[in-house]
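Here's the structure, in structure tokens; my notes come after.
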Amino acid sequence: METDFLVIGSGIAGLTYALKVAEACPDKTITILTKTQSDETNTKYAQGGIAGVMDFDKDSFEKHVEDTLIAGDGLCDKSVVGIVVNEGVERIKELIAWGANFDKDKDGDYALGKEGGHSEFRILHHKDVTGKEMERALLEAIKYKPNIKLISHCFVLDIITQHHLGYLVTKSTQDVECFGVYVLNLSTNKIEKIIAKITLLATGGNGQVYRTTTNPAIATGDGVAMVYRAKGRIENMEFIQFHPTALYEPGVRGQNFLITEAVRGDGGILRNQSGEAFMERYDKRKDLAPRDIVARAIDNEMKINGTEHVYLDCRHFTKEKFTAHFPNIYDKCISIGIDITKDMIPVSPAAHYSCGGVKTDEHARTSITNLYAAGECACTGLHGANRLASNSLLEAMVFAHRGYADAVKKINSLNYQQGIPDWKADGTNAPKEMILITQSLKEMKLLMSDYVGIVRNNDRLGRANRRLDLLHEETEALYEKTAVSPQLCELRNMITVAYLIVKCAEFRHESRGLHFNTDYPEKSVRAQNIIL
Ligand code: FAD
Ligand code: SIN
């Protein structure tokens, strides 16, 4: 199969890009691939909303820039922050024009929310299901573009480069080029090649590397692992953001339900086992301090008290007030026997967002020619050492737009690469025992949660490294002799991503933003990015 533009991922980044390219180039073909159902994305689960300066009487671009820089703890690229904040408002307007609805107040103005680290109310939202509404609007909009083809249940295995034409490709090879991808078509169970002139990677996050995460099962870091294998540049993987308040449900592992930070923005208070509003002891911004600070404070309280969670107290809300903004959370809590007007909500931190990823420039270009990246899989320089809440949906739209604008300028000068061989599956057999995959997965999640979580130290990182080495070796051996499956490929990708997180963490001899190492508790004088 050949396509002018190939888009891997059907979340906000992939769909925004595809819509824009389709509008600008009605004579070109655009193919979107997604590994499960088209709407099963991190985007769908976004709750709080999308940050953007909408009320210029109280707010300003300068304030949004400043808040982003403070959260990023010295590592944001200031020019990128300016780009995202300034251009983001246009992108939000386009999203609204494509049909996304955001809540308004009684005067007809957008009802703006507030979250940790924001100095003003600037979060547009749709109740507490903002991502679901955005995903709905975008999927609806692409239906009207006849030159877009969306193929679901199509698992991308690897990016095709000169390596597949028989050339030696290493980290120092100049001008590695992307010619398309190999995919496992889950409808036919066949491995196919899709040749593309330009490819956008929009594969989302990697929360599934950890035992407790707010991310759905698709978030296995496939894009980052593929680019690393293809010898592309990866940046700042140590900065994993743990959301402070995932709902604590004993026994629930895989995807933990999120209690949006907007609940604290509206007045929810964190309390420990003794009922103390402990955030006062940690930061003068209390419950609305940036996420790294709140998550570490909760982690500390849990360790001191020997508990598995703290509480979020919303008992001072009326049911009417709470359900007006957070109906989904209210229903979820009721379904497990928690009435938020009477009971406190048990919460604990969970892996939520990857600030690092595939290194991109200000046009969303990766280090691999004709391969772009946008959304959570990319490291644009916006978030630095810690992402400001609700900045990621904005970033995804801004860089999807920038990638599209760059790509359409050169599409007419590109041709399809000829002579790409079929996927080689000789000598592989159906897996004999799934336990070889599932047990390795459990081990990886456990070691990442216990050794490479909110608080790290050199011994823990060293242990994680050694254990990952063994898992890597065993998984590669299994991969060599086994027919590919999504489970095996995801395990392989997650082990690669876990290794990249640990490697970057080991290289960072300081504590900054989301990376806290008790052996290096101070910030180094020179802030720098780690690029692998
Ligand atoms: P995604 O939306 O995750 O889409 C990834 C796509 O890639 C999927 O279609 C998937 O199938 C596809 N894919 C991945 N690997 C492969 C493969 N191998 N082959 C084929 N397809 C593949 N951010 C905010 O700004 N505001 C919020 O309020 C907010 N709330 C959040 C709440 C939750 C619970 C979570 C989990 C995240 C939240 N975030 C929020 C973060 C934000 O939702 C994500 O960063 C953003 O949606 C990522 O979008 P994306 O387009 O990059 O990727
Ligand atoms: C939330 O709603 O708390 C999540 C917001 C985000 O991750 O940006």
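Read the numbers this way: they start at 1 and go in the same order the structure lists the ligands and their atoms. These figures come from a predicted structure and were not determined experimentally.
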Task: Ion pair check, E66 and K63, cut-off under 4.0 Å - done: no
Open item on the list: Just to be sure I read this right, does ligand 1 sit under 4.0 Å from the backbone of A219, its side chain, both, or neither, counting only heavy atoms?
Closed with: neither
- [ ] Return yes if a side-chain donor-acceptor contact under 3.5 Å exists between S119 and D67, otherwise no.
- [x] yes
- [ ] Among all protein heavy atoms, pick the one closest to atom 20 (C) of ligand 1 and tell me residue, atom and distance.
- [x] C154 O, 3.3 Å
Open item on the list: Regarding ligand 1, does G49 bring an N or O atom to under 3.5 Å of one of the ligand's N or O atoms?
Closed with: yes
- [ ] Considering only non-hydrogen protein atoms, determine which one is nearest to atom 29 (C) of ligand 1 and report residue, atom name and distance to 0.1 Å.
- [x] A46 CB, 3.5 Å
Task: R387 neighbourhood, listing ligand 1 atoms whose heavy-atom distance to it stays under 4.0 Å - done: 23 (N), 24 (C), 25 (O)
Open item on the list: Show me which atoms of ligand 1 lie under 4.0 Å from any heavy atom of S10.
Closed with: 6 (C), 8 (C), 9 (O)
TODO: Provide the full list of side-chain hydrogen bond (donor to acceptor under 3.5 Å, both in side chains) pairs with a residue in residues 190-200, sequence neighbours left out, each pair given once.
DONE: D4-K197, N185-E192, K193-D422
Open item on the list: Below 3.5 Å, N or O to N or O, backbone or side chain included: is there any such pair between E376 and ligand 1?
Closed with: yes
Open item on the list: Under the criterion salt bridge (charged side-chain N to carboxylate O under 4.0 Å, His left out), I'd like the reasoning laid out for R296 against D292: C-alpha separation, chi angles, the key distance, then a yes or no.
Closed with: CA-CA 6 Å; R296 266 199 302 278; D292 55 333; 3.8 Å; yes
Open item on the list: Closer than 4.0 Å to some heavy atom of F155 - which atoms of ligand 1 meet that?
Closed with: 18 (N), 19 (N)
- [ ] Under 4.0 Å from a heavy atom of V156: give me the atoms of ligand 1 that qualify, with their elements.
- [x] 17 (C), 18 (N), 19 (N), 20 (C)
Open item on the list: Can you see whether Y353 has R387 sitting over its ring - NZ or CZ less than 6.0 Å from the centre and within 45° of the normal?
Closed with: yes
Open item on the list: Please list the nearest protein heavy atom to atom 42 (C) of ligand 1 with its residue and the distance rounded to 0.1 Å.
Closed with: S392 OG, 3.8 Å
Task: First-shell residues of ligand 2 [heavy atom, distance under 4.0 Å] - done: Q47, G48, E115, H243, L258, T260, E261, R291, H352, R387, A389, S390
- [ ] Work out whether the distance between some heavy atom of C489 and some atom of ligand 1 is less than 4.0 Å.
- [x] no
- [ ] Could you tell me whether T43 and ligand 1 have an N or O pair separated by under 3.5 Å?
- [x] yes
Open item on the list: Check this for me: does any side-chain nitrogen of one of D361 and R365 sit under 4.0 Å from a carboxylate oxygen of the other?
Closed with: yes
TODO: Measure the distances from the heavy atoms of L258 to every atom of ligand 1 and state whether one is below 4.0 angstrom.
DONE: yes
Open item on the list: For a side-chain contact (heavy atoms from CB on, under 4.5 Å) check, start with the C-alpha distance between W98 and T16, then their side-chain angles and the critical distance, and finish with the verdict.
Closed with: CA-CA 10 Å; W98 283 327; T16 301; 4.1 Å; yes
TODO: Indicate, as side chain, backbone, both or neither, the part of H352 found under 4.0 angstrom from ligand 1 when only non-hydrogen atoms are considered.
DONE: side chain
Open item on the list: Can you confirm whether the side chains of D103 and Y110 place a donor and an acceptor under 3.5 Å from each other?
Closed with: no
Task: Check: H164 ring centroid to Y182 ring centroid under 6.0 Å - done: yes
Open item on the list: So if I count the atoms of ligand 1 from 1 in the order they appear, which ones are less than 4.0 Å from some heavy atom of D222?
Closed with: 15 (N), 16 (C), 17 (C), 18 (N)
TODO: Give yes or no for whether the N/O distance cutoff of 3.5 Å, strictly under, is met between I12 and ligand 1.
DONE: yes
Open item on the list: Does the residue N215 have a heavy-atom contact with ligand 1, meaning some pair of atoms that are separated by less than 4.0 Å?
Closed with: yes
Open item on the list: Within the 4.0 Å heavy-atom shell around G11, which atoms of ligand 1 are there?
Closed with: 2 (O), 4 (O), 51 (O)
Open item on the list: If we count only N and O atoms by modelled type, under 3.5 Å, do the side chains of R229 and N493 hold a donor and an acceptor together?
Closed with: yes
Task: Salt bridge flag under 4.0 Å for residues R271 and E301 - done: no
TODO: Tell me which protein heavy atom sits closest to atom 53 (O) of ligand 1, plus the residue, atom name and distance to 0.1 Å.
DONE: G204 CA, 3.3 Å
- [ ] With R492 as the cation and Y479 as the aromatic partner, state whether NZ or CZ is under 6.0 Å from the six-membered ring centre and within 45° of the axis.
- [x] yes
TODO: Examine the side chains of Q241 and N386 and answer whether a donor and an acceptor come within less than 3.5 Å of each other.
DONE: yes
- [ ] Indicate yes or no: does E120 engage K114 in a salt bridge with an N to O separation below 4.0 Å.
- [x] no
Task: Polar atom proximity, G48 to ligand 1 (N or O, under 3.5 Å) - done: yes
Open item on the list: Closer than 4.0 Å to some heavy atom of A13 - which atoms of ligand 1 meet that?
Closed with: 51 (O)
Task: pair Q47-K132: side-chain heavy atoms closer than 4.5 Å - done: no
Task: Charged N-O contact under 4.0 Å between E261 and R264 - done: yes
- [ ] Considering only non-hydrogen protein atoms, determine which one is nearest to atom 43 (O) of ligand 1 and report residue, atom name and distance to 0.1 Å.
- [x] N42 O, 3.5 Å
Task: Residues E40, K44; criterion salt bridge (charged side-chain N to carboxylate O under 4.0 Å, His left out); working and verdict - done: CA-CA 7 Å; E40 189 54 9; K44 182 173 91 171; 3.0 Å; yes
Task: Contact check, S390 vs ligand 1, heavy-atom distance below 4.0 Å - done: yes
- [ ] Consider ligand 1: state whether an atom of it lies below 4.0 angstrom from any non-hydrogen atom of A202.
- [x] yes
Open item on the list: Quick check with a 6.0 Å cut-off and a 45 degree axis cone: is K35 positioned over the face of F155's six-membered ring?
Closed with: no
Open item on the list: Closer than 4.0 Å to some heavy atom of N391 - which atoms of ligand 1 meet that?
Closed with: 25 (O)
Task: Min heavy-atom dist E395 to ligand 1 below 4.0 Å - done: no
